[in-house]
Amino acid sequence: MSTKLIAFALQSVRQRIANAESQFHRPLGSVALLAVSKGKPASAVREAYKTGQTDFGESYVQEAIVKLNELSGIDDLRWHFIGRIQANKTRFIANRFDWVHSLDRLKVARRLSEQRGSTLAPLSVCLQVNLNMDSAKAGVTIEEAFEVGQRVAELPRLKLRGLMTIPEPSGDFASQRVPFRALRELFEKCNARGLALDTLSMGMSDDLEAAIAEGATIVRVGTAIFGSRDLPET
Ligand SMILES: *Cc1c(COP(=O)(O)O)cnc(C)c1O
């Protein structure tokens, strides 16, 4: 997309977020926008940054290495890793990202914690929850989320922030809300049992309103900002 179109699209996504906050009685500004730049060039990130967007999401380590290095001159970008994590590719993520939304196993959590540079703030992480176990998506089950969360919260160089999910796409608003409600209920249970979570990472281009209705604090939006991608989906 051209420069003008990215700025315009960002503006309209921010308006959708504000409208949903207002409609669903969420405080104005309580939902953060993560701009998902996977599959898009560094120039697209620069254009979004010019409009004040600082948080960007990437899904593929190889692509992120090139892009983050190209953009290393901008020092207030915050990078969020949202893709599948291979255990042998954690070092770059541990040191160059600020957040990981797609933590799905303890082995990876331990490696990220061990590899996180000692001069950096702890890495903020969300546990990815697979609400629909017959799908091919990664993530822990609802049943194991609390215990895995407890173990992650003990790791010294990670800060467990919350939960993330990627539901099956669904056309109508009422059914979009169902998995988001389930994640919010799990979030509340985890907090009632002693985890201090502050983040619900849920909602994408097609369902961010439903996610905000159910309590999302971060929506992850790619297509509605940068246009369609021709990369394989994670
Ligand atoms: C690609 C991706 C997104 C963005 O999806 P859009 O439909 O393009 O908004 C959000 N979250 C994750 C985990 C993704 O992989």
Side-chain angles (χ1 to χ4, degrees), residues 1 5-6 8-17 19-20 31-41 44-45 47-48 53-64 67-68 78-86 89 93 97-105 108 112 123-132 135-140 145 161-173 175-177 179-180 182-184 199-234:
M1 266 206 266
L5 282 178
I6 289 174
F8 184 79
L10 260 168
Q11 170 89 27
S12 95
V13 169
R14 290 189 186 119
Q15 191 60 56
R16 280 175 64 189
I17 293 171
N19 290 347
V31 181
L33 172 59
L34 175 61
V36 175
S37 49
K38 68 179 181 209
K40 299 294 169 182
V45 172
E47 293 311 327
Q53 180 65 34
T54 51
D55 289 80
F56 292 89
E58 290 288 333
S59 293
Y60 309 99
V61 172
Q62 287 314 349
E63 182 188 345
K67 203 178 300 178
L68 269 64
R78 279 190 299 266
W79 292 103
H80 301 237
F81 195 80
I82 61 173
R84 246 178 226 231
I85 304 174
Q86 290 171 257
K89 287 202 185 147
I93 299 172
F97 280 80
D98 302 284
W99 281 71
V100 168
H101 293 235
S102 45
L103 188 63
D104 66 349
R105 54 203 196 280
V108 164
L112 289 170
L123 180 65
S124 285
V125 299
C126 291
L127 206 53
Q128 181 172 351
V129 181
N130 186 348
L131 297 167
N132 180 5
S135 85
K137 298 276 184 233
V140 300
R161 300 293 298 268
L163 306 176
M164 178 274 230
T165 198
I166 313 172
E168 292 300 307
S170 157
D172 74 290
F173 188 73
S175 38
Q176 286 177 351
R177 284 182 73 154
F180 296 142
L183 194 71
R184 193 237 308 150
T199 301
L200 267 172
S201 169
M202 58 190 197
M204 321 203 304
S205 292
D206 293 331
D207 56 13
L208 67 91
E209 285 85 0
I212 291 171
E214 293 297 344
T217 64
I218 301 183
V219 292
R220 310 176 310 268
V221 180
T223 311
I225 298 172
F226 297 113
S228 56
R229 299 171 293 267
D230 27 56
L231 277 174
E233 289 300 316
T234 48

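Remember, it's a predicted structure, so these values are computed and weren't measured experimentally. In listed order, ligands and their atoms are each counted from 1.
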Query raised in the report: Does an N or O from Gly222, backbone or side chain, lie closer than 3.5 Å to an N or O of ligand 1?
Result: yes

Here the atoms of ligand 1 under 4.0 Å from any heavy atom belonging to Arg220 are 4 (C), 9 (O), 10 (C), 11 (N), 12 (C), 13 (C)

dist Leu183:CG -> Glu214:CD (nearest 0.5 Å) comes out at 10.5 Å

Any non-hydrogen atom of Ser59 lying under 4.0 Å from ligand 1? yes

OG1 (Thr217) and CE (Met202) are apart, to the nearest 0.5 Å, by 8.0 Å

Applying side chain to side chain contact (heavy atoms under 4.5 Å, CB included) to Asp98 and not counting sequence neighbours gives Arg78, Trp79

- Query: Taking the non-hydrogen atoms of His101, is any one of them nearer than 4.0 angstrom to ligand 1?
  - Reply: no

Value for CG (Leu34) from CD (Glu58), rounded to nearest 0.5 Å, stands at 9.5 Å

In terms of its nearest heavy atom to atom 14 (C) of ligand 1, the top option of Met204, Lys38, Arg84 is Lys38

By side chain to side chain contact (heavy atoms under 4.5 Å, CB included), Val36 pairs with (sequence neighbours left out) Lys38, Ile82, Arg220

Near Thr223 (heavy-atom distance under 4.0 Å), the atoms of ligand 1 are 6 (P), 7 (O), 8 (O), 9 (O)

Open item on the list: I'd like to check Pro167 versus Leu131 (side-chain heavy atoms, cut-off strictly below 4.5 Å). Are they in contact?
Closed with: no

With heavy atoms and a 4.0 Å threshold, my read on which part of Ile166 contacts ligand 1 is side chain

Val221 heavy atoms within 4.0 Å reach ligand 1 at atoms 9 (O)

